[in-house]
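Scroll down for the structure; my scribbles are underneath it.
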Amino acid sequence: MSERAEQPRDESLYSLYRRGIELLEDGDFEHAKGPLEEAARQAPEKSSVREALGRVYFRTRDYKRSAEEFEAIVASHPVDDYAHFCLGRALTKTGETKRARHHLTMASNLRPDRRDYRIYRERLA
């Protein structure tokens, strides 16, 4: 494990989240998993943590786990357009086209100003 990805004992939730986000933003997706998975284990109700973890899973091509994270967010925050969008993208990658279309449509309807949402929705139409 690289020095950068090592996890100190008893690291706070915020510290885990910040470290995971920094690694994610730096494109170090594999090393971002550890702190974000631990943060999600500590606080499964935190949608910000689950979103970051879902993004990491998507970037590491673990689309099923990515979809699971975004499904959890949509279940607790049904008007989160970004979660619907990401769930739709992950489901597209798993081949669940019908479910993906539903979530991409939801995202597009919640935020009609988002051109990217419309483009992905139209690709599945």
Side-chain angles (χ1 to χ4, degrees):
M1 187 182 271
S2 76
E3 179 181 314
R4 190 173 173 209
E6 285 180 21
Q7 184 172 310
R9 290 183 185 262
D10 302 321
E11 190 171 357
S12 74
L13 175 63
Y14 180 75
S15 178
L16 288 164
Y17 174 72
R18 285 302 320 145
R19 192 158 49 88
I21 288 293
E22 287 173 14
L23 291 163
L24 172 63
E25 290 173 353
D26 287 346
D28 192 351
F29 309 122
E30 285 297 328
H31 287 124
K33 280 183 193 178
L36 291 172
E37 285 173 340
E38 177 57 22
R41 188 191 67 69
Q42 288 182 22
E45 76 286 355
K46 296 284 188 186
S47 60
S48 57
V49 172
R50 296 197 87 145
E51 176 188 306
L53 186 54
R55 290 172 53 205
V56 164
Y57 287 147
F58 190 88
R59 296 302 298 248
T60 59
R61 295 186 170 103
D62 192 344
Y63 303 119
K64 182 179 184 298
R65 289 174 78 186
S66 177
E68 290 168 358
E69 294 303 319
F70 287 109
E71 281 178 318
I73 298 169
V74 166
S76 61
H77 298 87
V79 295
D80 185 326
D81 62 286
Y82 186 69
H84 278 286
F85 174 71
C86 293
L87 177 53
R89 294 279 293 125
L91 291 170
T92 298
K93 297 290 190 175
T94 66
E96 296 184 62
T97 308
K98 184 176 180 182
R99 288 183 61 217
R101 189 178 303 118
H102 167 77
H103 289 286
L104 290 170
T105 298
M106 286 294 295
S108 187
N109 288 344
L110 288 165
R111 288 287 306 274
D113 59 309
R114 291 289 304 258
R115 184 174 182 267
D116 53 339
Y117 290 4
R118 287 192 315 272
I119 289 170
Y120 283 99
R121 181 197 65 201
E122 289 167 3
R123 288 181 183 172
L124 292 182

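On a predicted model such as this, the values are computed, not experimentally measured, just so you know.
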Path from [X] to [Y] over hydrophobic side-chain contacts below 4.5 Å:
| X | Y | result |
| --- | --- | --- |
| Leu124 | Leu110 | no |
| Met106 | Tyr82 | no |
| Leu16 | Leu53 | no |
| Leu91 | Phe70 | yes |

Open item on the list: Show, in sequence, the C-alpha distance, side-chain angles and deciding distance for Arg65 and Glu37, and conclude whether the salt bridge (charged side-chain N to carboxylate O under 4.0 Å, His left out) test is met.
Closed with: CA-CA 11 Å; Arg65 289 174 78 186; Glu37 285 173 340; 3.1 Å; yes
Under the 3.5 angstrom rule, does the side chain of [X] hit a backbone N or O of [Y] as a donor-acceptor pair?
| X | Y | answer |
| --- | --- | --- |
| Thr60 | Tyr57 | yes |
| Thr92 | Gly88 | yes |
| Arg101 | Arg121 | no |
| Ser66 | Gly54 | yes |

To the nearest 0.5 Å, what is the distance between [atom1] on [X] and [atom2] on [Y]?
| X | Y | atom1 | atom2 | answer |
| --- | --- | --- | --- | --- |
| Asp62 | Glu69 | CG | CD | 10.0 Å |
| Arg114 | Asn109 | CZ | CG | 14.0 Å |
| Asp80 | Arg111 | CG | CZ | 10.5 Å |
| Glu96 | Tyr63 | CD | OH | 14.0 Å |
| Ser12 | Gln42 | OG | CD | 8.0 Å |
| His102 | Thr97 | NE2 | OG1 | 14.5 Å |

TODO: Could you pull out all residues at least two apart from Ile21 that satisfy side-chain contact (heavy atoms from CB on, under 4.5 Å)?
DONE: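 If we apply the side-chain contact (heavy atoms from CB on, under 4.5 Å) test to Ile21, skipping adjacent residues, the hits are Tyr17, Arg18, Leu24, Glu25, Ala52.
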Open item on the list: Once side-chain contact (heavy atoms from CB on, under 4.5 Å) is applied, do any residues pair with Arg123, and if so which ones, sequence neighbours excluded?
Closed with: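 side-chain contact (heavy atoms from CB on, under 4.5 Å) list for Arg123, sorted by chain: Ile119, Tyr120.
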Task: NZ/NE/NH1/NH2 to OD/OE distance under 4.0 Å, Arg50 and Glu45 - done: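 Judged by the 4.0 Å cut-off on N to carboxylate O distance, Arg50 and Glu45 do not form a salt bridge.
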- [ ] Run the salt-bridge test on Arg41 and Glu38 with the 4.0 Å N-O cut-off and return the result as yes or no.
- [x]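 Between Glu38 and Arg41 there is a salt bridge, with a charged N closer than 4.0 Å to a carboxylate O.
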Open item on the list: How about CZ on Arg118, more than 12 heavy atoms from neighbouring residues, nucleotides or ligands closer than 6.0 Å, or not?
Closed with: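 For Arg118, atom CZ is crowded (more than 12 foreign heavy atoms under 6.0 Å).
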Open item on the list: Minimum heavy-atom separation for Leu13 and Ala39, please, with both atom names.
Closed with: CD1-O, 3.4 Å
- [ ] Identify the heavy atoms of Ala40 and Val49 that sit nearest to each other, and give their distance.
- [x]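 Heavy atoms only, the tightest pair is N-CG1, 3.5 Å.
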TODO: Report yes if the side chains of His103 and Phe85 come closer than 4.5 Å at any heavy-atom pair, otherwise no.
DONE: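 Counting from C-beta outward, His103 and Phe85 never come under 4.5 Å.
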Open item on the list: Could you tell me if the side chain of Lys33 sits less than 4.5 Å from the side chain of Leu23, heavy atoms only?
Closed with: no
Task: Polar contact flag, side-chain donor to acceptor under 3.5 angstrom, Glu51-Ser47 - done: no
Open item on the list: Just by distance, no angles: are the side chains of His84 and Asp81 close enough, under 3.5 Å, to form a donor-acceptor pair?
Closed with: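 No, no side-chain donor-acceptor pair sits under 3.5 Å.
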Task: Axial cation check for Phe58 ring with Arg55, 6.0 Å and 45° limits - done: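 Judged by the rule, Arg55 and Phe58 form no cation-pi pair.
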